[in-house]
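Working notes for the structure below.
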Amino acid sequence: VDTSIRLSRNYAAARTIGVLIRLIPISPLNPFWVLLDRRVLPLFRRLPFGDNSFTRYNWRGWEIEDRYRSHLEIGDIWVLVTPFKNWVYINDPDPLMAVFRRGADFPRPVFVSEVLNVFGPNIATAEGQRWKTQRRIATRCFNEQNNEIVWSETINLATDMLRYWTTKTSIRSAAQDLRTLSLHVLSRAGFGKSFKFQGHDDRQASVSPSVNYKEPLQTILENCVLILALGSDFLANSWLPRKLRTVHEAWAYFRTYMTNLYEDEKRAITTDANLMTLLVRASQNEEKTSSGLTEAEIYGNMFAFNFAGHDTTANTFTFALYFLAAHPKVQNWLSAEIRSVLGDRSPQDLDYRTDFPRFKRCLAVLFETMRLYTPVPVIKWTAAQPQTLDSMIAPSYGAVQTDPRYWGPDSLDWKPSRWIVPGEPGDEHLDLHTHGAFIGWSEGARDCPGRKFSQVEFVAMMAVLFAEQRVDPATAEGESIGAARERVLDLIRTDSGPVLLLQMLHPERASLVWRKR
Ligand code: HEM
């Protein structure tokens, strides 16, 4: 009864907007439904009248499958009525940019990301003045010195990763290895700690110090919701199953790790430009004039950076690698740029300041991958404004980033060259298309402060991987290479979905083979 009342109230409110409406019975933010939706809905689809708004829109990730279809059918703005909130979907770059610019009227619904508070308040969950202070300090940390660290660390790690990959006849663990790379770059650029790359299959064999840092963080990232729901102290109870107590141990380990580093940072005058050092320094400087960060906010933010910078990059890099494996011509095009910038140098001699800006094709591969497979859905809401409707504003990234009006008739194809104004490889320019038609790192005051961090990491990795090597899908017995490439594209298309963020669900089903070009 309660659900029906709320649905009819929200429906009545939606009608006042004057656009077309679709209605679903379960809120997409309902945590139980989120666990079930992809399992249950296929059963409903088989029923007579199974093609309806419920089966079409009531599951996480429908936007990626739908692309711009719904907007084409029912308009650039339409409303999805749910029992909790109304979702206003927008597929028009101008109003979208207006929403991003008017951050005060359309704030981020921080209750959705509260789960990130496991170590303390942070930039991703704060609002108002506290957010402004944290953002100002964070912005100073994501600077060019830090990017230089990201660059050189990625080159070192990617070199080791490629060496590992090329010793194998074929590789199934590319996605896990990319996760390792991403976590280790964060460890160096975030905390100043370097760890040697270890391939997935070698991990059990040797005991690396990275196990001490990486495993706890990974455990925490995977169990954030549990920690927030039950509290980390509760998880320490000796009568709980071992698995749950491990989550507490990981939390306690990581907290001690950060506390020790924090104490070191306060005492030592290091010149390293890792995020932790920069955060403590910037906070101390800020204290002199207004207010810096509390100790809890420093831990909260360090965790938020790790959380926000891990799955995003690792998942995107995996999509990009599989797209490249399916597109040999794009690899040739990419490699022409890399060889042109390298000249007779090796990737280890690349210089961040002079060379990074020249790798436009590498960057185009990242943009194009994120255009089709955007890892982070951005949502805003209107609740702060009593005069407006209490609605979620959902920039339709899946639609606006593929709408043929902004991307041409081949908008659904993965084609990195669409981002390049052609010229001499190494001296080209990016074509950024219609402002507001690509929102992968969000826009406005609350956009992603790690945008350049992730771009630098991606480009450095591409430069190492494709300087001298090429990657192909491993062929099954009797399968042609063309068919194997189609199989990889099919895997991306039909077997990707949101876990924490959007990712390929089973990349290990397509092994990859590296060869010298
Ligand atoms: C391909 C990689 C990445 C993508 C696609 C991405 C995307 C995004 C998006 C869309 C947002 C806005 C979310 C919203 O408004 O709801 C965001 C916020 C954020 N990102 Fe990223 N990100 C990436 C990498 C990183 C990295 C490497 C870091 C840090 C090392 C990072 C740190 C953050 C933080 C701290 C925020 C919150 C900013 C605030 O609320 O003021 N991101 N990111």
Side-chain angles (χ1 to χ4, degrees), residues 96 99-100 103 106-117 121-128 130-143 146-147 149-151 153-154 178-179 181-191 217 221 274-276 278-279 297 300-320 363 365-381 392-395 397-398 401 438-461 500-503:
L96 271 181
V99 167
F100 284 124
F106 302 106
R108 169 190 296 170
V110 287
F111 60 85
V112 175
S113 47
E114 248 171 19
V115 60
L116 286 183
N117 280 336
N122 60 73
I123 183 174
T125 56
E127 287 177 293
R130 258 349 268 164
W131 171 76
K132 278 192 187 150
T133 304
Q134 302 197 34
R135 178 80 192 198
R136 198 171 50 242
I137 293 178
T139 306
R140 265 188 259 154
C141 300
F142 287 98
N143 60 24
N146 190 256
N147 290 336
I149 296 181
V150 174
W151 180 260
E153 194 68 4
T154 308
L178 288 169
R179 289 185 80 75
L181 179 133
S182 150
L183 205 61
H184 284 202
V185 172
L186 279 166
S187 165
R188 173 64 189 92
F191 294 110
L217 181 57
L221 293 177
N274 68 69
L275 294 174
M276 181 84 173
L278 295 172
L279 209 52
E297 281 172 338
N301 276 298
M302 283 312 298
F303 177 68
F305 296 165
N306 274 279
F307 183 89
H310 182 39
D311 260 22
T312 45
T313 50
N315 296 354
T316 307
F317 295 0
T318 303
F319 277 117
L363 211 50
V365 171
L366 175 62
F367 285 12
E368 183 66 350
T369 305
M370 279 176 51
R371 185 180 72 81
L372 292 180
Y373 289 89
T374 306
V376 189
V378 179
I379 340 165
K380 305 287 168 187
W381 73 326
M392 308 299 270
I393 305 282
Y397 60 92
Q401 292 178 178
F438 176 68
I439 50 174
W441 283 279
S442 187
E443 292 290 334
R446 262 200 118 137
D447 69 347
C448 174
R451 178 192 306 239
K452 189 142 185 207
F453 184 121
S454 48
Q455 294 179 357
V456 171
E457 185 178 345
F458 185 81
V459 167
M461 186 179 75
L500 199 55
L501 302 176
L502 181 69
Q503 64 177 68

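Values below: all heavy atoms of this structure, side chains included; hydrogens, waters and symmetry mates excluded. All ligand and atom numbering here is 1-based and tracks the order in the structure. These numbers were taken from a predicted model, which means no experiment stands behind them. Residue numbers run from 1 in the order of the sequence given.
- Scanning all protein heavy atoms for the shortest distance to atom 19 (C) of ligand 1 gives Pro449 CD, 3.6 Å.
- Atom 41 (O) of ligand 1 has its nearest heavy-atom neighbour, among Arg135, Arg451, Gln134, in Arg135.
- By the criterion of a heavy-atom distance under 4.0 Å, neither the backbone nor the side chain of Phe458 is placed next to ligand 1.
- With Arg371 contributing its side chain and Gln401 its backbone, the two residues share a donor-acceptor pair below 3.5 Å.
- Proximity of Glu457 to ligand 1, defined as any heavy-atom pair under 4.0 Å, is not found for any part of the residue.
- Among all heavy-atom pairs drawn from Arg446 and Val110, the shortest one is NH1-CG1, 4.1 Å.
- Residue Trp441 has no N or O atom closer than 3.5 Å to an N or O atom of ligand 1.
- Taking the six-membered ring where the residue is Trp, Phe317 and Phe458 present tilted rings, their angle falling between 30° and 60°.
- In this structure, of Gly309, Gly103, Ala126, Ala189, the residue bringing a heavy atom nearest to atom 26 (C) of ligand 1 is Gly309.
- Comparing heavy-atom distances from atom 42 (N) of ligand 1 across Ala138, Cys448, Pro107, Ala445 singles out Cys448 as nearest.
- Residue Thr313 comes nearest to His310 through the heavy atom pair OG1-O, 3.0 Å, listed as atom of the first residue, atom of the second, then distance.
- Annotation: Arg446 places an N or O atom under 3.5 Å from an N or O atom of ligand 1; distance criterion only.
- At the shortest separation from atom 14 (C) of ligand 1 among protein heavy atoms lies Arg108 NH2, 3.1 Å.
- With ligand atoms numbered from 1 in the order given, ligand 1 contributes 7 (C), 10 (C) to contacts under 4.0 Å with heavy atoms of Val376.
- Looking at Ile439, Ile123, Val110 and measuring to atom 35 (C) of ligand 1, the nearest heavy atom belongs to Ile123.
- Residue Trp131 places at least one N or O, backbone or side chain, under 3.5 Å from an N or O of ligand 1.
- Between Phe307 and Phe303, the ring planes are tilted. Angles from 30° to 60° get that label.
- Scanning the protein for heavy atoms near atom 32 (C) of ligand 1, the closest one is Ala308 CB, 3.4 Å.
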